[in-house]
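One structure is given here, and the rest of the page talks about it.
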Amino acid sequence: QLRFAKLDVETSNGCMKDALILTEGYCSAFMFHMCGNAKDSHNIVRDYSSTSRFLVLTWKTDENIEQSGWELWHKFEYEDRRCGFATHDLEGVIAFPDDDTDYEPDMECHWEISVPAGYRMLLHFNRMDIEQTETCSNDYLQIRDVQETLLRKNGALTTGTSESSHTYCRSSAPEDLILGNSITVQFVSNENRRVGRGFE
């Protein structure tokens, strides 16, 4: 999903000179050419939600008029945002379900969270109510922390990865977690009707 904060690009008929071009997918025939400014509303979209996993932005200019350009925000969303999303925000809340109901059986949801290098994440749990089993084999919340590391091999520095995971199925909030800068949160419920209020 894109939201345009500013567009100030040379106006031309059909945006044939300077233009920001939106293309759905790598090989799609759909294109939307944007130019002009806020007064040229027929050449601008304020918000745009892609219909596929791929959205290509192409910036084209000629040798003539210079203007201040464009600015946009973007975010990645699952089709059902209640059951997962991707974010780079430095703080936020995951509440699932996001209303005062039990989660449903036979679900699998993923949240991808990453922040810039040099940051670490603090996860604080306000609540947790997930069907308890000895091995968390039915319903569970799993948090995976995958980090790139520098390794010295044969005198040369190479990159590797380290991974840790935390799995929960319980009726009370666990202690805070301090993790790296990129995590995956996965929630799974099986087919049986024993459910709970989820987590936040």
Side-chain angles (χ1 to χ4, degrees), residues 1-5 46-55 71-151 157-200:
Q1 185 176 44
L2 304 180
R3 170 165 292 184
F4 288 87
R46 298 294 180 193
D47 298 278
Y48 186 82
S49 296
S50 69
T51 58
S52 70
R53 295 176 55 221
F54 303 102
L55 184 64
E71 179 182 357
L72 63 82
W73 295 288
H74 72 278
K75 60 182 176 180
F76 304 100
E77 292 187 346
Y78 283 78
E79 291 184 6
D80 183 356
R81 185 173 170 82
R82 296 169 301 169
C83 187
F85 55 80
T87 181
H88 301 283
D89 293 345
L90 292 180
E91 59 182 67
V93 176
I94 299 174
F96 183 77
D98 58 3
D99 51 21
D100 192 24
T101 60
D102 290 348
Y103 59 82
E104 297 178 7
D106 197 21
M107 297 194 74
E108 182 171 345
C109 306
H110 298 262
W111 294 264
E112 305 282 344
I113 306 171
S114 60
V115 294
Y119 284 80
R120 302 193 74 187
M121 294 188 206
L122 170 65
L123 300 189
H124 173 74
F125 297 90
N126 291 321
R127 61 178 173 86
M128 186 171 290
D129 180 24
I130 298 172
E131 179 193 357
Q132 291 182 259
T133 58
E134 186 174 345
T135 60
C136 292
S137 58
N138 290 349
D139 302 352
Y140 61 88
L141 176 72
Q142 185 177 74
I143 299 167
R144 287 185 290 128
D145 180 18
V146 180
Q147 302 301 319
E148 285 194 355
T149 57
L150 281 176
L151 304 173
L157 285 175
T158 61
T159 58
T161 58
S162 62
E163 179 173 343
S164 62
S165 64
H166 307 266
T167 304
Y168 303 101
C169 57
R170 53 190 293 168
S171 58
S172 60
E175 294 183 354
D176 293 355
L177 284 178
I178 297 177
L179 304 171
N181 71 319
S182 181
I183 66 171
T184 299
V185 179
Q186 179 185 36
F187 175 77
V188 173
S189 62
N190 68 356
E191 299 88 351
N192 71 41
R193 301 299 302 180
R194 294 182 61 191
V195 293
R197 291 299 178 94
F199 66 95
E200 180 179 53

Quiz item: What disulfide (SG to SG under 2.5 Å) pairs are there with at least one residue in residues 165-200, not counting sequence neighbours?
Solution: Cys136-Cys169

Exercise. Enumerate the residue pairs fulfilling disulfide (SG to SG under 2.5 Å) with a member in residues 170-200, sequence neighbours excluded, ordered by first and then second residue.
Key: none

Exercise. Please name all residues satisfying salt bridge (Lys or Arg N to Asp or Glu O under 4.0 Å) with Asp100, sequence neighbours left out, ordered by chain then number.
Key: Arg197

Practice problem: Using the test salt bridge (Lys or Arg N to Asp or Glu O under 4.0 Å), find all partners of Arg194 that sit at least two apart in sequence or belong to another chain. | Solution: Glu131

Quick check: do [X] and [Y] have side-chain heavy atoms less than 4.5 Å from each other?
X	Y	result
Met128	Ser171	no
Leu141	Thr167	no
Ile143	Leu177	yes
Ile94	Phe199	yes

Practice problem: Could you tell me which residues satisfy side-chain contact (heavy atoms from CB on, under 4.5 Å) with Val195, sequence neighbours excluded, listed by chain and number? | Solution: Asp102, Tyr103, Pro105

Quiz prompt | side-chain contact (heavy atoms from CB on, under 4.5 Å) partners of Ser172, counting only residues at least two apart | solution = Arg170

Self-check item: Residue pair Thr87, Glu112: steps toward the side chain to side chain donor-acceptor pair (under 3.5 Å) verdict
Solution: CA-CA 6 Å; Thr87 181; Glu112 305 282 344; over 6 Å; no

Partner residues of [X] under the side chain to side chain donor-acceptor pair (under 3.5 Å) criterion, sequence neighbours left out:
X	value
Thr133	none
His166	none
Tyr140	none
Ser165	none

Quiz prompt | Sequence neighbours excluded - salt bridge (Lys or Arg N to Asp or Glu O under 4.0 Å) pairs with any residue from residues 175-191 | solution = none

Quiz prompt | Partners meeting ring-ring contact (aromatic ring centres under 6.0 Å, His included) with Phe125 (sequence neighbours left out) | solution = Tyr168

Self-check item: Exercise: identify the closest heavy-atom pair between Gly198 and Pro97
Solution: CA-CD, 4.1 Å

Self-check item: Contact summary for Tyr119 and Asn181, nearest pair of heavy atoms
Solution: O-CB, 3.4 Å

Quiz prompt | Glu108 atom CD: more than 12 heavy-atom contacts under 6.0 Å | solution = yes

Practice problem: Kindly check if the number of other-residue, nucleotide or ligand heavy atoms within 6.0 Å of CG (Leu122) is above 12? | Solution: yes

Quiz item: So, does Asp145 use its side chain to make a donor-acceptor pair with the main chain of Ile183 at under 3.5 Å?
Solution: no

Quiz item: Does any donor atom in the side chain of Ser189 or Glu104 lie under 3.5 Å from an acceptor atom in the other side chain?
Solution: no

Quiz item: Can the ring centres of Phe187 and Trp111 be said to be less than 6.0 Å apart?
Solution: no

